[in-house]
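In the text below, chain A, chain B and the rest are named by the order of the sequence lines, each starting its count at 1.
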Amino acid sequence: MRKKFKGLLPAILLFIGLQSVKAQEKLSIDKVYKMSLRNAGTIITDEQVKGYYYFFMSDKIDRKTNEYTLQLVDANLNKLKDIKFQDSKKIALLESSFNGTSIVFMFYDDDQNMLDYRLYNLEGKQISTYSKILDKRSEQYFRTIASQQDDEDSENQNVFDIKNKGFLSVIALRENKKYTYDVNFYSSDKKRTWTYNPIENGNSHQLTTLVLMILLPS
Amino acid sequence: VLCHELAHYYLNHSNNSIDKYVTTVYSDEFQKQIKNIKKSEYGVNSQLEKLTRNLLFKNRRHSREFEQSADSMAVELMKNTGYDIKESLTCLALLDSVDKDKYHPQLNLEKIFNFSAFPFKKSWLEDDDLRFIGEKDEISKQDEDSLKTHPECSLRIARLEKKVTDNYKTDSRKNLVSEVEFNNLRTAFDYQIIDYAIQSNQVARALFLALEMLDEHPGDAKLQGMVGKCFNEIYKNQKSHTLSTIVDLPGPGFNQSYNALLRLIQNLRLSEVAALSYYFLKQHETISINNEDFVAALITSKEHLGKEQERQQWVDFYQQKFPKGNHQFK
């Protein structure tokens, strides 16, 4: 009998010890608060870095939806703005550009296989969104760049600013062994967009002519 | 102000505040709330933000209560000093504007740095930085009152008025030392603030303060010399690629006027910094020659712009006029 108790004693002491350690464990807000960085990148104007964005997943709303915080800092790393919104849990922020009056963020939604261009004014308010459903010719390309984002790269590959007018987005397309591209223009002063594809629109059109059409006053 | 801060000390407000915070966050009730939040599958951060906000509001409410009791005790302390305790109400009225600059002109940089031999370039103020218009959202406007650490000054005055009237002594005075000396010290401190900013490598801030003060005292040779000295420091540091150690970069935390000056500094080439210093000081060189620091800044500006002959003439002048001067020139 005595022997039995002797064997139990260390276990009891260990149990009491653990209970007392557990009682001392105090939770603090910062230990429970969780935010994870999804993407980070540069905000480009005319090939110059004007700032940086940090795209955080800041909360889980439900099974399919997350809350996101898009934090913007200027070129000197001063915090400028936090933009919060809710969206699908499968979105990635790929690129951003600033055209002097508005800023665009190009999101890729893997669930809907879609690119979403969200334009914000300088008060941080969303002024318009343009969505583009990706077809088979480009979906693989975006799936790859969404999964292999290079944070070191400070040059935009797809989105380019047109001063005070809007943004151009160039999308690479591949059909069998043919390579081509789509050029999309998204206006920032009014809700207006157009798409140019050299094959669908005929080869005689030159891309440069179209770009000049945007830049020159009508 | 001194009596108010002493009152905080005697009433142990700092320690009480820490104690209250620690007791709250380690209380069973608070810990239970955090544990429940931690167990939630969704909305963890939004629940935590709500909890933090409530804690902060509670903390700030206590802080405002502490301020009120410190105000009351301050009158008790002050009535024994011989100073007029009615001045405590004047001081509270002043506190509303204490964060604003004493000198607050909108600096017209284009006018200040425009010289016939060296005209101002608009490109110096060019700004294509990414910046958002600082409009506060509705929630933060609503929260502003709850987040204040101090009660409104008008409320503080209203709460103190009776106590001050009851304790007023007719033989108390506004100035126990000479009023003239007090006012002289106030002006001297303005110069010392600029000097201190230069010494502590805050040259852009010093330049801004000197220009602000100069706007009110345009003929002040000491201030003119300080402006020249700041530009000379900017020149030296730009040349040695250490400019960022003495000037701020434009940012959303600064006012428009200061940001414009910071942008100007960033946009200037080295030769333009030297020229601005030279032409700025040169326009005053005939009337400000009695100020040693002005002449010293002028000599350095001539050296930076390569005006060797002029420089040598002024070095001779300096050595003759200030034989025991603080500056050494070859």
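- When each of A:Ile103, A:Asp74, A:Leu80 is scored by its heavy-atom pairs under 4.5 Å with chain B, the top score falls to A:Leu80.
- A ring pair (Phe, Tyr, Trp, His ring centres under 6.0 Å) with A:Tyr130 holds for exactly one of A:Phe185, A:Tyr186, A:Phe167; it is A:Tyr186.
- Under the side-chain hydrogen bond (donor to acceptor under 3.5 Å, both in side chains) rule, A:Asn184 has a single partner from A:Thr193, A:Asn158, A:Thr195, which is A:Thr195.
- The ring of A:Tyr68 has its center no closer than 6.0 angstrom to the ring center of A:Phe107.
- Both the backbone and the side chain of A:Tyr33 come within contact range of chain B, with heavy atoms under 4.5 Å apart.
- When heavy atoms are compared at a cutoff of 4.5 Å, A:Lys31 does not approach chain B at all.
- Interface residue A:Ser28: only backbone heavy atoms are found under 4.5 Å from chain B.
- For the set B:Leu48, B:Thr52, B:Leu51, the entry with the most heavy-atom pairs within less than 4.5 Å of chain A is B:Leu48.
- Counting heavy-atom pairs closer than 4.5 Å to chain B, the top-ranked of the candidates A:Ser58, A:Ala75, A:Gly100, A:Gly51 is A:Ser58.
- Contacts between A:Asn121 and chain B at a heavy-atom distance below 4.5 Å involve the backbone alone (N, CA, C, O).
- Most heavy-atom pairs under 4.5 Å with chain B: of the set A:Gln48, A:Lys79, A:Arg63, this distinction falls to A:Arg63.
- For chain A, the option among B:Ile37, B:Val44, B:Leu55 with the highest count of heavy-atom pairs below 4.5 Å is B:Val44.
- In summary, B:Lys20 and B:Glu65 do not engage in a salt bridge, as defined by a charged side-chain N under 4.0 Å from a carboxylate O.
- With salt bridges taken as basic N to acidic carboxylate O contacts below 4.0 Å, none links B:Glu126 and B:Lys122.
- With respect to A:Arg118 and A:Asp116, a salt bridge is recorded, a charged nitrogen being found less than 4.0 Å from a carboxylate O.
- With a threshold of 4.5 angstrom between heavy atoms, A:Ile61 approaches chain B through N, CA, C or O but not through any side-chain atom.
- Salt bridge annotation for A:Lys132-A:Asp182: present, with a cationic side-chain nitrogen under 4.0 angstrom from a carboxylate oxygen.
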With a 3.5 Å cut-off and sequence neighbours excluded, list the donor-acceptor pairs that the side chains of residues 226-233 of chain B form with protein atoms.
residue	atom	partner	partner atom	Å
B:Asn232	OD1	B:Ser277	OG	2.8
B:Asn232	ND2	B:Gly228	O	3.3
B:Asn232	ND2	B:Ala297	O	3.0
B:Glu233	OE2	B:Lys236	NZ	3.0

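- In terms of heavy-atom pairs under 4.5 Å with chain A, the best-connected choice from B:Pro250, B:Gly253, B:Ser40 is B:Pro250.
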